[in-house]
Amino acid sequence: MLKVIFPILSFLLLEASKTESENGVIINSVKLKYNPADAGGIKEGSNITLTCSVDILTPSGQSPQISYLFYKGQTQDVLLKIVTIQAQESQYLIQSARPSHSGYYSCEVAAGSQREESASTFITVTGNLQTPVLTVHPIEVILGDLTELCCTSEEIPPLTFIFYTYKNGLNPVRLHENSSKNKTVTHQLRVTTDTEKNYSCTIEVPAARSVSKHSEVVQLSVQNPFSDPMFEIEPSNEIFEGDKLTIKCRVTHLLPHVKPQLIIMKDTTPISTGNTSSVVFSKTANATDTGKYGCMARWNSVSQAIRRQVTVAVPVSIPTLMSTPIGGNVVEDGSLDLSCAVLGGSYPITYKFYQDTSEIPLHQITLNATTAVHHIVSVKNGHSGKYSCEVSNSANQITRTKKSQYVTIIVRVPVSNPTIKCNSLKDVYKTGEWVILLCQSTNGTVPITYSLFSNKRLIYLISRSDREPATFKVLLNETKDGGEYKCKAENEIPNLSKYSKGINITIKGGGFLWWIYIIIVVISLMIIGLAILIAQHCKQWCKNNEGINQEDESSKPSQRGPLQHNQGSLKKSMEVIYSKIGNITHPKLNQPDSDMLIEQQEADSDRNHEGDYTNIMSYQGNVTEDDSESDCEADYTNVTSKRKAASADSDTSSDETNHVLYTQLDLAALQNNSTPQPQGPTIYASIALDKLR
């Protein structure tokens, strides 16, 4: 028992003393050198010796175990060698160096518990990289299966492997890239209908920045599990609403064990599926069925699809034809718009415009719109007639056509300015006579309505359906029926009526009395002018006699007569001038009444003669406080129809019960062009007329 325990204890004591001595090791520095020295690069095939040395302090009389680790890569990517010895340096030999040996190298030293790294050293080996080898397994695949691309190189890692594919067999396109510390890299690929068939690979040494040549191109052999799907649409890609829509999706199997799933879809929504060789979808089409339909075949991860646009056209509705102006009445040389509109219909829509029964359209246009307009700039008489329009759209080489109702267009000619004339050559007419006026418009669409106006007053109107003149028969009842006569012509075109020039109809009455009235008016105007002159003379005379005292007649009895102021003003001195107009026998003298005869004889004894007089007098008077016209004095012309009784003792006249008219003549205003003078004389002109019967 003791023989066994003693050796074990001795060994433990030895190891303990050894550990204590190693714990006293101190590593000062670690260096890495290589041979031959890099002067412009080490040639391919040369031997390279890497030497790792360490400066170390150890306890006296002891040689500790030192571990040397050689690395390639700036971050110690690859461990090249590890060795443990007691010497203070170690070497690593690279035989027949290749460009892939280019890169960063470093070493690490471990002694006891101490570890220290050297600085990195870059080595360049000139030459060409070895061409890698690409293998594919399996090389014959079915769509949907996986295949593996394997790229192998004898170059020293770390390496970058790059896989390439060839689009349409032309230039290589980078497919996948992978950096590895191994000499072989694989890449898995799922084969689809879009998968290319040709592949290659290259390797790259990042540190040397060099790339190898492409490997040989490997071509995949790809088999389809089924044929491309076949898509059938009946009655074609474009159908009309209401037609029966049938869609078929089918494939032909190539491999016995493959059973694909068939899907018919609209846009992205499946509408029918099946695991057979064909699937059918059928329905009555409507406008909402328009869309993109597809037929898809799927097996495992393989899917193939074909898509096709289906348009369900809506037949055009019955069109409506409208005209502008509304109503179909068009003025000659005006514009006409024919508008053809539909409520619905798939675009494009073809519009055709027809006149009467012609088979040749006046206008044709195809639009993506529900309305088309045919514009006629200048309408002529030949544009009158019946119009219609026709609309159509197409689907699957089938055309649907609809026709509108007829619209009647009547081109109306505006009336010309009418002429008015009298059928008689007379210039003057008497009351009670008839006059015939003819009004005619030589141009314009019939019927034409003629209206007769007298002094802008409508008399009556006549409508004619021919171009003969309208005959107006007018009874001249009164003198006011004379004056200007005009006529107006108009037809069914609104706001285009025309007026004729005026024609004057003159009416002197039926007897001698009319001449008397005219003479009286003329004489009255002459007398008024004479009165104005006399008034001016009297006004000057009054100014020269302002200092003469006159007797106040306000206390005397006032005898009013036809020449007295109608507001009751008092008169002082007065100068009366009479102008005889003519002798007229009073109607009362012809009456058999004896009393009236006696009365007339007494009146004749008091005067020398009978007659009509113009009484013009100039006077000055004092007015009373009650006189409403006391603020001013004026000149008057007094026209009265009466008999004048004159006495030998007085220049005044007595008024009878006849009506008296006054015309005020403001002499002061005529002279001074201002308001009446308050103290001026007043002049009266009196015309006494007997009743003329």
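In this chain, numbering begins with 1 at the start of the sequence shown.
For the pair R400 and F240, the cation-pi test (distance below 6.0 Å, angle within 45°) is passed.
Defined by atom type and a distance below 3.5 Å, a donor-acceptor pair is present between the side-chain atoms of S394 and T399. In this structure, a donor-acceptor pair under 3.5 Å is absent between the side chains of S358 and D356.
Side chain of S404 to backbone of C389: a donor-acceptor contact under 3.5 angstrom is found. Under a 3.5 Å cut-off, the side chain of S441 and the backbone N or O of N443 do form a donor-acceptor pair. At distances below 3.5 Å, at least one donor-acceptor pair connects side-chain atoms of D481 with backbone N or O atoms of N477. A donor-acceptor contact shorter than 3.5 Å links the side chain of S384 to the backbone of V411. Between the side chain of K498 and the main chain of V415, a donor-acceptor pair closer than 3.5 Å is present. With hydrogens and angles ignored, the 3.5 Å screen pairs a side-chain donor or acceptor of N491 with a backbone N or O of T445. Under the 3.5 Å distance criterion, the side-chain polar atoms of E433 are matched with a main-chain donor or acceptor of K430.
Contact check on E332 versus R412 returns no salt bridge, with no Lys/Arg side-chain nitrogen under 4.0 Å from an Asp/Glu carboxylate oxygen. For the pair E484 and K456, the salt-bridge criterion is not met [side-chain N within less than 4.0 Å of a carboxylate O].
F472 places a side-chain heavy atom less than 4.5 Å from the side chain of Y450. Looking at S392 and K402, their side chains never come closer than 4.5 Å, going by heavy atoms from C-beta outward. T419 is not listed as a side-chain neighbour of K501, based on a closest heavy-atom distance of 4.5 Å or more. Looking at heavy atoms from C-beta onward, T408 lies in side-chain contact with I410 at the 4.5 angstrom threshold. Side-chain contact between C340 and F353: present, with at least one pair of heavy atoms (C-beta onward) separated by less than 4.5 Å. You'll find the side chain of P348 reaches within 4.5 Å of the side chain of T366, heavy atoms only.
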Q: Step by step, work out the side-chain hydrogen bond (donor to acceptor under 3.5 Å, both in side chains) result for T269 and D267.
A: CA-CA 6 Å; T269 303; D267 298 326; over 6 Å; no
Q) Run the salt bridge (Lys or Arg N to Asp or Glu O under 4.0 Å) check on E234 and K244 step by step: do they pass? A) CA-CA 8 Å; E234 297 176 356; K244 185 177 181 180; over 6 Å; no
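The ring-ring contact (aromatic ring centres under 6.0 Å, His included) pairs that include a residue from residues 381-409 number zero, where partners must be two or more places apart or lie in different chains.
The environment of CE in M230 is crowded: more than 12 heavy-atom neighbours from other residues, nucleotides or ligands sit within 6.0 Å. Around NZ of K386, the count of heavy atoms belonging to other residues, nucleotides or ligands within 6.0 Å does not exceed 12.
A side chain to side chain contact (heavy atoms under 4.5 Å, CB included) with R250 is found for one member of C295, S278, S277 and no other, namely S278.
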